[in-house]
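These notes are about the structure you will find just below.
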Amino acid sequence: MLNLILFGPPGAGKGTQSEKIISEYKLIHLSTGDLLRSEIQAGSELGLKAKTLMDQGILVPDEVVIGMIDNKLKEHRDAAGFIFDGFPRTVKQSEALDELLSSYNESISVMIALVVDDNELLARLLNRGKTSGRPDDQNEQLISKRIQEYNNKTKPVADYYQNQNKFVAIDGIGEIDFIFGEITKAISKFR
Ligand code: B4P
């Protein structure tokens, strides 16, 4: 299996690049952001709890997202591989993912990190907020809170994969297709 993690701050382009990676490599897309938004839309108990946190730009509890990922891995046992988008976001989630994958005799192939500065992130998310209807894209204060959560809780996840020699950083500013080309070059080295 080819198991990729697409990593980066909110608005780095993880969702955008995931779509291209999926169509090229036929991987199953696991976006914890999308999974949580579906729970919210369905009005489930989990969704209602998650919404309160997401609307404040705060990460939802590790146990919730780990459980969602576990369910999806079980559903797709014969997949060609997975792309993890927006997960893991804490070191605890990384450890849990390693454990889950090893229970299927699988492991992460590589983490690809998209590097984008804070000013560009803010501009992209405010722009997306004009059309996305996402409550967490609506104002500068909330977006700054998400970037702060990323810096405090998520950034250390990069070290976790760097220590396993499975980490590649790519400039996330520029043409979407050019960035995708750089991602495919990185993947070819870890296949
Ligand atoms: P996510 O849904 O993961 O949202 P994101 O980080 O904002 O999105 P992404 O980086 O994918 O941005 P995109 O490509 O769309 O998370 C939302 C919330 O859910 C979190 O705050 C948290 O509360 C919760 N959550 C999710 N996962 C969790 C977890 N594992 N643990 C705990 N909580 C969790 O790009 C953004 C914009 O930039 C788009 O408009 C796009 O068109 C544009 N763009 C992309 N690439 C570009 C480029 N190269 N140039 C110009 N614009 C570009």
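All ligand and atom numbering here is 1-based and tracks the order in the structure. Only this structure's heavy atoms are used, side chains among them; waters, hydrogens and symmetry mates stay out. Starting from 1, each residue takes its place in the sequence as its number.
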I'd like to check [X] versus [Y] (side-chain heavy atoms, cut-off strictly below 4.5 Å). Are they in contact?
X: M111; Y: Y160; value: no
X: N119; Y: L122; value: no
X: P88; Y: I5; value: yes

task: State yes or no: do L30 and I112 share one hydrophobic cluster built from I, L, V, M, F, W and Y residues joined by side-chain heavy-atom distances below 4.5 Å, directly or via other members?
output: no
Ion pair present between [X] and [Y], side-chain N to carboxylate O less than 4.0 angstrom?
X: E63; Y: K92; value: yes
X: D136; Y: K145; value: no
X: E149; Y: R146; value: no

Among all protein heavy atoms, pick the one closest to [atom] and tell me residue, atom and distance.
atom: atom 10 (O) of ligand 1; result: K14 NZ, 2.8 Å
atom: atom 11 (O) of ligand 1; result: G15 N, 2.8 Å
atom: atom 50 (N) of ligand 1; result: R124 NH2, 3.3 Å
atom: atom 49 (N) of ligand 1; result: G174 O, 3.1 Å

Using a strict cut-off of 4.0 Å, indicate which atoms of ligand 1 neighbour a heavy atom of [X].
X: A12; value: 10 (O)
X: G172; value: 49 (N)
X: F87; value: 30 (N)
X: G86; value: 27 (N), 28 (C), 29 (C), 30 (N)
X: P9; value: 10 (O)
X: V60; value: 32 (C), 33 (N)
X: I179; value: 49 (N)
X: Q93; value: 29 (C), 30 (N), 31 (N), 32 (C)

Please report whether ligand 1 has a polar contact with [X], defined as an N or O pair separated by less than 3.5 Å (distance criterion only).
X: I58; answer: yes
X: T16; answer: yes
X: L59; answer: no
X: L125; answer: no

Does atom [atom1] of [X] have more than 12 heavy-atom neighbours, drawn from other residues, nucleotides or ligands, at distances under 6.0 Å?
X: E24; atom1: CD; value: yes
X: E140; atom1: CD; value: no
X: E99; atom1: CD; value: no

- prompt: Can you tell me how far CZ of R134 sits from CG of L142, rounded to the nearest 0.5 angstrom?
  reply: 10.5 Å
- request: Would you check, one step at a time, whether the test side chain to side chain contact (heavy atoms under 4.5 Å, CB included) holds for I176 with K20?
  value: CA-CA 10 Å; I176 288 171; K20 294 183 155 295; 3.6 Å; yes
Judged on heavy-atom distance to [atom], which of [options] sits nearest?
atom: atom 25 (N) of ligand 1; options: L36, L35, V157, V116; answer: L36
atom: atom 13 (P) of ligand 1; options: M68, R37, R128; answer: R128
atom: atom 27 (N) of ligand 1; options: L114, T32, L30; answer: T32
atom: atom 4 (O) of ligand 1; options: R134, E149, E175, K153; answer: R134
atom: atom 16 (O) of ligand 1; options: M54, R146, R89; answer: R89

field: side chain to side chain contact (heavy atoms under 4.5 Å, CB included) between F7 and T154, worked out
entry: CA-CA 9 Å; F7 185 74; T154 307; 3.5 Å; yes
query: Does G11 reach ligand 1, in the sense of a heavy atom lying below 4.0 Å from it?
result: yes
